[in-house]
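Data block below; observations after.
All ligand and atom numbering here is 1-based and tracks the order in the structure.
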Amino acid sequence: MAYSRKALIIGAGIAGPTTAIFLKQAGIDAEVFEAWPYSSGIGGGLQIAPNGMHVLAEIGLADELIRRGSIAESFDFYSQSGARLGSVNRNMQARFGQPAVNMCRATLNETLVNKAWGKKMFALYFEKRLVGIEDRADRPVVAHFADGSTAEGDFVIGADGVHSVLRTHVVPDGPRPFDTGLIGFGGFVPRSVLADTPIGQRVETTFGQSGFFGYGFCSSDPNDGVMWWSTQPSHGIDAAAFRGMSQDAIRRHLRNFHAGWHDPIQQILDAAENIVVTDTLDVATLPTWSRGRALLIGDAAHATSPHAGQGASLALEDAMRLSRLMQDGQELGLTFQNFEIERRPRAEKIVALARRNGNSKREFSPTGAWIRDRMLKLLLPVTAKGMNWMYAYDPRSAA
Ligand SMILES: Cc1cc2nc3c(=O)[nH]c(=O)nc-3n(C[C@H](O)[C@H](O)[C@H](O)COP(=O)(O)OP(=O)(O)OC[C@H]3O[C@@H](n4cnc5c(N)ncnc54)[C@H](O)[C@@H]3O)c2cc1C
């Protein structure tokens, strides 16, 4: 391990800064390189499940994020007309030791980055877009950035997300991200929009004949306190085309798409501003997650479509498990292999689940939607039990 004292980490999303914090605890320095300039307020809302919250607790951030976010006490399902289909993910804190917490992606990111900066835990550089690495025997690994600069380290961690550049080094002819044919729209509305809708701490979600809508509290901020999202089949217009439209045009599209859906969906859409449009991407299984002194983690290794609500928690778990394995002091290649052996089965099981969940948000015939809703009502209690393995995972004690 004597040669593995400095990590180059590519990407300051979720996995990158978290890994740097854990590596620092393990006595390994890290430099983190992010392609974009520093910005706050990016992205929509997300939910961190109990398994991810354990990781945040371990680095002392769970309480702050619970305070700045909103605990989700259940995930409730409805049909397009508003008939209740069932409820899952109740009493998470009591059952799994941490709650599921809704938060703004920006809050999570800022908290991670501020923790690092405030305590000078690692060096963080913005506007450093990785374009390639050199990994030659008996020399440090060299990362090359788009601005012509370079950085040297003992190993490199690709936490650069679904479009990972490091992935093309690790698996040169490997799979590329593909569009699953579903588009995501999302954003925030003021808490006052739900003033007449007593949802409490529930996340409310609706399966339509085509598409899906969800909303729930995500922060105490009165202006941006509710997160919402709509997932729908692309129908020949891709996310990039929507991103080229005005906010009024996107809002009109969403109002038409969700016309006739139960309240308060139209009220949320009326109030929606700064709507974010995302592609729903997936990446086929990679043959390996590492090559030489380069390792992929988070979405770079196992991008998961968002339908299991686990991608961020998996990224957090990866960060903690990797640093725990590095503490064991084994040879770098063996550590990377052990990381993959430990993490791959869980990650792939969750990726497969997310794919299956995505299928219920596609286009159904009226009869097909009716049957799906009945099946959901019947099967939700069983399905809920069948998901416990995902939340019960505790990265502090994982083998
Ligand atoms: C619409 C949507 C909703 C979601 N909701 C949830 C949810 O509720 N719960 C959940 O657990 N997960 C959710 N996910 C999934 C989750 O966002 C991802 O799994 C998670 O962000 C992965 O973390 P990461 O750190 O691996 O990658 P990212 O968070 O994507 O971070 C990658 C970082 O690398 C940077 N980068 C990229 N290329 C380069 C380069 N060449 N050089 C330098 N930097 C680079 C990027 O700018 C970015 O900052 C959702 C995803 C989407 C799209």
For [atom], which protein heavy atom lies nearest, and how many Å away is it?
{"atom": "atom 29 (O) of ligand 1", "value": "Ile14 N, 3.7 Å"}
{"atom": "atom 23 (O) of ligand 1", "value": "Ala315 CB, 3.7 Å"}
{"atom": "atom 41 (N) of ligand 1", "value": "Leu130 O, 3.3 Å"}
{"atom": "atom 4 (C) of ligand 1", "value": "Pro306 CB, 3.7 Å"}
{"atom": "atom 21 (O) of ligand 1", "value": "Arg105 NH1, 3.2 Å"}
{"atom": "atom 11 (O) of ligand 1", "value": "Ala312 N, 2.9 Å"}
{"atom": "atom 47 (O) of ligand 1", "value": "Glu34 OE2, 2.6 Å"}
{"atom": "atom 37 (C) of ligand 1", "value": "Asp160 O, 3.2 Å"}

Could you go through the ring pair (Phe, Tyr, Trp, His ring centres under 6.0 Å) check for Phe242 and Phe185 one step at a time? CA-CA 10 Å; Phe242 276 108; Phe185 298 83; 5.0 Å; yes

Please check if the side chain of [X] supplies one atom and the backbone of [Y] the other of a donor-acceptor pair under 3.5 Å.
{"X": "Gln232", "Y": "Ser210", "answer": "no"}
{"X": "Arg252", "Y": "Gln247", "answer": "no"}
{"X": "Asn51", "Y": "Leu314", "answer": "no"}
{"X": "Asp160", "Y": "Phe33", "answer": "no"}
{"X": "Asn89", "Y": "Phe75", "answer": "no"}
{"X": "Ser219", "Y": "Asp221", "answer": "yes"}

Cation-pi check for [Y] against [X]: NZ or CZ below 6.0 Å from the six-membered ring centre and within 45 degrees of the axis, yes or no?
{"X": "Arg372", "Y": "Phe364", "result": "yes"}
{"X": "Lys349", "Y": "Trp389", "result": "yes"}
{"X": "Arg343", "Y": "Trp289", "result": "no"}

Within the 4.0 Å heavy-atom shell around [X], which atoms of ligand 1 are there?
{"X": "Trp36", "result": "47 (O)"}
{"X": "Gly11", "result": "33 (C), 34 (O), 35 (C), 44 (N)"}
{"X": "Ser313", "result": "11 (O)"}
{"X": "Lys128", "result": "42 (N), 43 (C)"}
{"X": "Thr278", "result": "1 (C)"}
{"X": "Arg129", "result": "41 (N), 42 (N)"}
{"X": "Gly298", "result": "26 (O)"}
{"X": "Ala159", "result": "32 (C), 33 (C), 34 (O)"}

Look at atom CG of Asp63 and say whether more than 12 heavy atoms of other residues, nucleotides or ligands are closer to it than 6.0 Å.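 Not buried by this count: 12 neighbours or fewer within 6.0 Å.
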
Under 3.5 Å, N or O to N or O, is [X] touching ligand 1 that way?
{"X": "Leu46", "value": "no"}
{"X": "Ile297", "value": "no"}
{"X": "Ala15", "value": "yes"}
{"X": "Gly45", "value": "no"}

Applying a heavy-atom cut-off of 4.0 Å, say which part of [X] lies close to ligand 1: side chain, backbone, both or neither.
{"X": "Phe33", "result": "backbone"}
{"X": "Gln310", "result": "backbone"}
{"X": "Asp299", "result": "both"}
{"X": "Ile10", "result": "side chain"}

Is it true that [X] and [Y] have a side-chain N and a carboxylate O under 4.0 angstrom from each other?
{"X": "Lys24", "Y": "Asp29", "value": "yes"}
{"X": "Asp154", "Y": "Lys6", "value": "no"}
{"X": "Glu58", "Y": "Arg324", "value": "yes"}

Is the closest heavy atom of His163 to ligand 1 under 4.0 Å?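 No, His163 has no heavy atom closer than 4.0 Å to ligand 1.
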
Under a single-linkage definition using a 4.5 Å side-chain heavy-atom cutoff for Ile, Leu, Val, Met, Phe, Trp and Tyr, are Leu23 and Leu332 assigned to the same hydrophobic cluster?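 Yes: a chain of side-chain contacts under 4.5 Å links Leu23 to Leu332.
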
